[in-house]
Amino acid sequence: MTRPETIIPEKPTSPYPIHTTAPIISGFGRGSSELGIPTANIPINAQLNSLPTGIYYGWCKIHPVSDQNDETRTRPDGQSILFNHGNKLQANELVVHPMVMSIGWNPFYQNKEKAAEIHIMSKFERDFYGAELEFIVLGYVRPELDYTTKEALIEDILTDIRISRDILENKEEYTKYKKELE
């Protein structure tokens with residue numbers, strides 16, 4: 001399937017903005033290891049499930065869960081993951097970040113379950129599984145597509161990131177929503 005043209009309205013239109021919070025859970029570990037594009041996986045709530053599959057953009061902020069101790073959990077692929085609940089993050093990582101989110105079945109990987117994965121457009125020193133992620137979805141980039149190669153998938157994800165960053169940094173009607181998470 002060919003990537004459709006991205007058309008962005010001048011300001012968020014219904015059903016956006018969508019403002020919600022979700023815990024960061026473990027996914028399949030493909031974002032960082034296979035694609036070089038780390039994601040924070042979250043459960044799909046009813047509000048997110050009502051959206052068409054595809055790629056979205058907005059703002060997010062990580063909130064540590066300080067009353068939780070570190071614990072190790074097993075990911076679906078059998079790998080052990082440390083849930084530190086975001087308590088090891090530095091102050092400069094606990095700010096509002098631009099994000100791009102995928103909601104769908106990831107047909108390239110033939111997922112059996114619908115997933116929501118958020119790429120936070122920042123570098124982090126460590127993982128933050130178990131933290132709460134507050135986010136505002138402001139719009140839609142494109143539908144979910146299938147890919148014949150991993151390289152084509154990565155290229156489209158990088159295009160999604162570039163488009164989303166441009167919208168969030170340069171369109172005042174989208175930039176102003178950052179303040180809702182500060």
**OP:** Identify the two heavy atoms, one from L133 and one from C60, that lie closest to each other, and give their separation to 0.1 Å.
**Re:** CD1-CB, 4.0 Å

Subject >> Heavy-atom side-chain contact between K61 and I136 under 4.5 Å >> reply: no

Subject >> By side chain to side chain contact (heavy atoms under 4.5 Å, CB included) - contacts of E10 (at least two apart) >> reply: K171

Original post:
Does the E132 side chain pair with the main chain of T21, one donor and one acceptor, at a distance under 3.5 Å?
Top reply: no

**OP:** Applying side chain to side chain contact (heavy atoms under 4.5 Å, CB included), name anything that partners T13, two or more places apart in sequence or on another chain.
**Re:** P9

Subject >> Closest non-hydrogen atom pair between G130 and V65, with its separation >> reply: O-CG2, 3.6 Å

Subject >> Within-4.5 Å side-chain heavy-atom neighbours: I37 and L158 >> reply: yes

Original post:
I154 and D156: side-chain contact (heavy atoms from CB on, under 4.5 Å), yes or no, with the steps?
Top reply: CA-CA 5 Å; I154 292 169; D156 253 10; over 6 Å; no

Original post:
Which pairs count as ring pair (Phe, Tyr, Trp, His ring centres under 6.0 Å) when at least one residue sits in residues 72-100, sequence neighbours excluded?
Top reply: F83-Y129, H97-F124

Subject >> Nearest heavy-atom neighbours spanning A40 and I24 >> reply: CB-CG2, 4.1 Å

**OP:** Decide if atom CD of E155 counts as having more than 12 heavy atoms of other residues, nucleotides or ligands within a radius under 6.0 Å.
**Re:** no

Original post:
Taking the side chain as C-beta and beyond, is there a heavy-atom pair between L138 and I167 under 4.5 Å?
Top reply: no

Original post:
How far does NZ of K178 sit from OG1 of T175, to the nearest 0.5 angstrom?
Top reply: 8.5 Å

Original post:
Which residue pairs pass the ring pair (Phe, Tyr, Trp, His ring centres under 6.0 Å) test when at least one of the two sits in residues 155-182, sequence neighbours left out?
Top reply: Y57-Y174

Donor-acceptor pairs are to be reported for all side-chain atoms of residues 42-52 against protein atoms at under 3.5 Å, with residues two or more places apart or in another chain.
{"residue": "N45", "atom": "OD1", "partner": "Q47", "partner atom": "N", "Å": "3.1"}
{"residue": "N45", "atom": "OD1", "partner": "L48", "partner atom": "N", "Å": "2.7"}
{"residue": "N45", "atom": "ND2", "partner": "T20", "partner atom": "OG1", "Å": "3.4"}
{"residue": "N49", "atom": "OD1", "partner": "K114", "partner atom": "NZ", "Å": "2.9"}
{"residue": "S50", "atom": "OG", "partner": "Q47", "partner atom": "O", "Å": "2.6"}

**OP:** Please name all residues satisfying side-chain hydrogen bond (donor to acceptor under 3.5 Å, both in side chains) with K88, sequence neighbours left out, ordered by chain then number.
**Re:** D70

Original post:
Could you give the distance from CE (M121) to CH2 (W59), rounded to the nearest 0.5 Å?
Top reply: 8.5 Å

Subject >> With N170 via side-chain hydrogen bond (donor to acceptor under 3.5 Å, both in side chains) - residues at least two apart >> reply: D166

**OP:** Answer yes or no: are there more than 12 heavy-atom neighbours, outside E182 itself, under 6.0 Å from its atom CD?
**Re:** yes

Original post:
Side-chain heavy atoms under 4.5 angstrom apart, residues restricted to Ile, Leu, Val, Met, Phe, Trp, Tyr: same cluster for L145 and V100?
Top reply: yes

**OP:** Kindly state each residue pair satisfying side chain to side chain donor-acceptor pair (under 3.5 Å) with at least one member in residues 134-143, sequence neighbours excluded.
**Re:** H19-E134, H63-E134, R142-Y147, R142-D160

Subject >> Considering all heavy atoms, the nearest I55-S102 contact >> reply: CD1-CB, 3.8 Å

Subject >> Counterpart residues, side chain to side chain contact (heavy atoms under 4.5 Å, CB included), relative to K176 (two or more places apart) >> reply: E172, E173

Original post:
Does the pair I81 and D127 meet the rule for a side-chain contact (heavy atoms from CB on, under 4.5 Å), with working shown?
Top reply: CA-CA 9 Å; I81 301 296; D127 291 331; 5.8 Å; no

Subject >> Listed partners of R73 passing side-chain hydrogen bond (donor to acceptor under 3.5 Å, both in side chains), at least two apart >> reply: E71

**OP:** Could I get the full list of side chain to side chain contact (heavy atoms under 4.5 Å, CB included) partners for P64, not counting sequence neighbours?
**Re:** N87, L94

**OP:** Mind checking the OG1-CG spacing from T72 to L82? Nearest 0.5 Å is all I need.
**Re:** 5.5 Å

Original post:
Is there a side-chain contact between V137 and M99 (heavy atoms, below 4.5 Å)?
Top reply: yes

Subject >> Shortest non-hydrogen contact between P4 and P143, atoms and distance >> reply: CG-CD, 3.5 Å

**OP:** Check the pair R126 / Q90 against side-chain contact (heavy atoms from CB on, under 4.5 Å), numbers first and verdict last.
**Re:** CA-CA 10 Å; R126 58 189 44 89; Q90 303 298 313; 3.8 Å; yes

Original post:
Among pairs that include at least one residue of residues 90-101, which meet salt bridge (charged side-chain N to carboxylate O under 4.0 Å, His left out), considering only residues two or more places apart or in two chains?
Top reply: none

Original post:
Rounded to the nearest 0.5 Å, how far does CG of N41 lie from CE of M101?
Top reply: 12.0 Å

